[in-house]
Amino acid sequence: MDRQGTGGQWVERSVLADQVYKEILARLMDGKLESGDPLSIDGTARELGVSPTPVREALARLEATGMVVRAALRGYRVAPMLSQAELMDLMEARLLIEPHNAEVACVRADDAFLGQLERSIDDLRRAPNGPQFSDYSSYWEADERFHRLIVEQTRNRFLLGAYNSLGGHAHRFRLFGGTGVRDARIAIEEHSAILAAMRAGDAIAARRAMAGHIAGVRERAAREREHEVVTDSPHGHN
């Protein structure tokens, strides 16, 4: 980003890019943008009443997670839903990375970090999880924040880069369009078990609890994907 000018201008631009990102993400989650749909930077900018710059930044951020793809001279398009095999590959990658993140984060844990994890779980408990992204977006944000706090606590930029590149939360949560979050109770229990291990300072238990959580997510994601294929969701991408 160009940081010339006042700090206030840069902050305003960053906030605008975040708002555009959330709007495009909501359209992806709700199926308003379907697999293969083109995403014009200029057209989206006109529709949202913003300049092309925050749209370009938002799409680049979504490209990094695999939610959108870019082809030379053809611009951006909505990425297809992951196949069952691809979804399982994604979960396998998370199962390799995130338990290690939890172990390292536990070693580095302090009161501020543990307090942030606890607040994210409290936010999960309070969050609605209805059928539209506007209903469950606060749940998605709290869930993603829990995992991001842990990888950030490793203080390893390469682990953070690996986590960001997977886009695991966004890909899995695309399955909830039209149905809402279906595993909130058990996911909250699993997060709480990870936090308990962190509070006890037991890095091995934290690793095992995270591995159990991701394995559970993998099993539930497999069932959700199978359900979406069988029912042939009207959203078209499920």
Side-chain angles (χ1 to χ4, degrees), residues 15 17-35 37 39 48 58-59 61-62 64-68 78-82 84 86-88 90-91 94 98 116-151 163-164 166-195 210 213-238:
V15 170
D18 281 344
Q19 291 173 339
V20 172
Y21 169 83
K22 289 176 181 177
E23 175 59 29
I24 298 174
L25 179 64
R27 296 179 183 189
L28 288 165
M29 295 294 194
D30 285 338
K32 294 176 182 176
L33 291 170
E34 299 185 357
S35 299
D37 282 353
L39 287 165
L48 298 180
L59 289 174
R61 185 175 165 190
L62 287 163
T65 68
M67 292 285 285
V68 304
V78 177
M81 286 284 286
L82 296 184
Q84 181 80 334
E86 289 170 331
L87 185 60
M88 292 303 99
L90 168 63
M91 291 301 165
R94 290 188 64 187
E98 295 201 52
Q116 288 178 307
L117 287 184
E118 186 168 8
R119 282 192 291 277
S120 74
I121 295 172
D122 288 341
D123 289 344
L124 278 177
R125 291 192 180 100
R126 289 193 295 266
N129 45 52
Q132 302 304 315
F133 187 63
S134 57
D135 299 322
Y136 66 83
S137 60
S138 57
Y139 182 97
W140 174 84
E141 189 278 330
D143 189 61
E144 201 274 341
R145 179 168 19 113
F146 178 87
H147 290 266
R148 180 170 295 278
L149 283 166
I150 290 173
V151 68
Y163 173 84
N164 287 336
L166 292 177
H169 279 77
H171 283 294
R172 185 190 172 225
F173 272 72
R174 287 179 82 180
L175 299 175
F176 294 136
T179 63
V181 180
R182 288 166 282 195
D183 66 341
R185 180 188 57 79
I186 192 167
I188 290 167
E189 291 175 356
E190 291 166 351
H191 281 206
S192 298
I194 295 166
L195 176 58
M210 179 64 82
H213 172 48
I214 300 299
V217 171
R218 180 177 60 183
E219 292 173 5
R220 297 190 293 272
R223 292 196 299 269
E224 289 153 2
R225 188 70 182 94
E226 289 172 357
H227 175 76
E228 293 300 317
V229 171
V230 169
T231 57
D232 191 22
S233 169
H235 289 288
H237 59 27
N238 287 335

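No hydrogens, no waters, no symmetry mates; every other heavy atom, side chains included, goes into these values. Quick caveat, the model's predicted, so the values are computed rather than measured. This chain uses plain numbering: 1 for the first residue, then up along the sequence.
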Interatomic spacing from [atom1] in [X] to [atom2] in [Y] - rounded to 0.5 Å:
| X | Y | atom1 | atom2 | result |
| --- | --- | --- | --- | --- |
| Gln132 | Ser137 | CD | OG | 11.0 Å |
| Asp143 | Tyr136 | CG | OH | 12.0 Å |
| Met91 | Leu82 | CE | CG | 9.0 Å |
| Leu62 | Leu39 | CG | CG | 8.5 Å |
| Ile194 | Phe146 | CD1 | CZ | 4.5 Å |
| Ser120 | Leu195 | OG | CG | 8.0 Å |

Next item on the list: Specify whether His147 and His191 have parallel, tilted or perpendicular ring planes, treating 30° as the upper limit for parallel and 60° as the lower limit for perpendicular.
Entry: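 The arrangement is perpendicular - the two ring planes meet at more than 60°.
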Does any part of the side chain of [Y], heavy atoms only, come nearer than 4.5 Å to the side chain of [X], both counted from C-beta?
| X | Y | answer |
| --- | --- | --- |
| Thr65 | Arg61 | no |
| Leu25 | Met67 | yes |
| Arg148 | Asn164 | yes |
| Arg125 | Ser192 | yes |
| Val217 | Arg220 | yes |
| Phe133 | Leu28 | no |

For [Y], is there an ion pair with [X] - N to carboxylate O distance below 4.0 angstrom?
| X | Y | result |
| --- | --- | --- |
| Asp37 | Arg27 | no |
| Arg218 | Glu98 | no |
| Asp122 | Arg119 | no |

Margin query: If the test is side chain to side chain contact (heavy atoms under 4.5 Å, CB included), which one of Arg145, Met210, Gln116 qualifies with Ile150?
Written below: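 When Arg145, Met210, Gln116 are each tested with Ile150, the side chain to side chain contact (heavy atoms under 4.5 Å, CB included) holds only for Met210.
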Check: With sequence neighbours excluded, what pairs up with Glu219 under the salt bridge (Lys or Arg N to Asp or Glu O under 4.0 Å) test?
Finding: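 Glu219 satisfies salt bridge (Lys or Arg N to Asp or Glu O under 4.0 Å) with no other residue.
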Nearest atoms (heavy-atom pairs only) where [X] meets [Y]:
| X | Y | value |
| --- | --- | --- |
| Ala79 | Ser35 | O-OG, 3.7 Å |
| Ala221 | Leu87 | O-CD2, 3.7 Å |
| Tyr139 | Pro128 | CB-O, 3.7 Å |

Margin query: For Asn129 and Arg182, which I'm curious about, is there any donor-acceptor pair between the side chains at under 3.5 Å?
Written below: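 On atom types as modelled, these side chains do not qualify, holding no pair under 3.5 Å.
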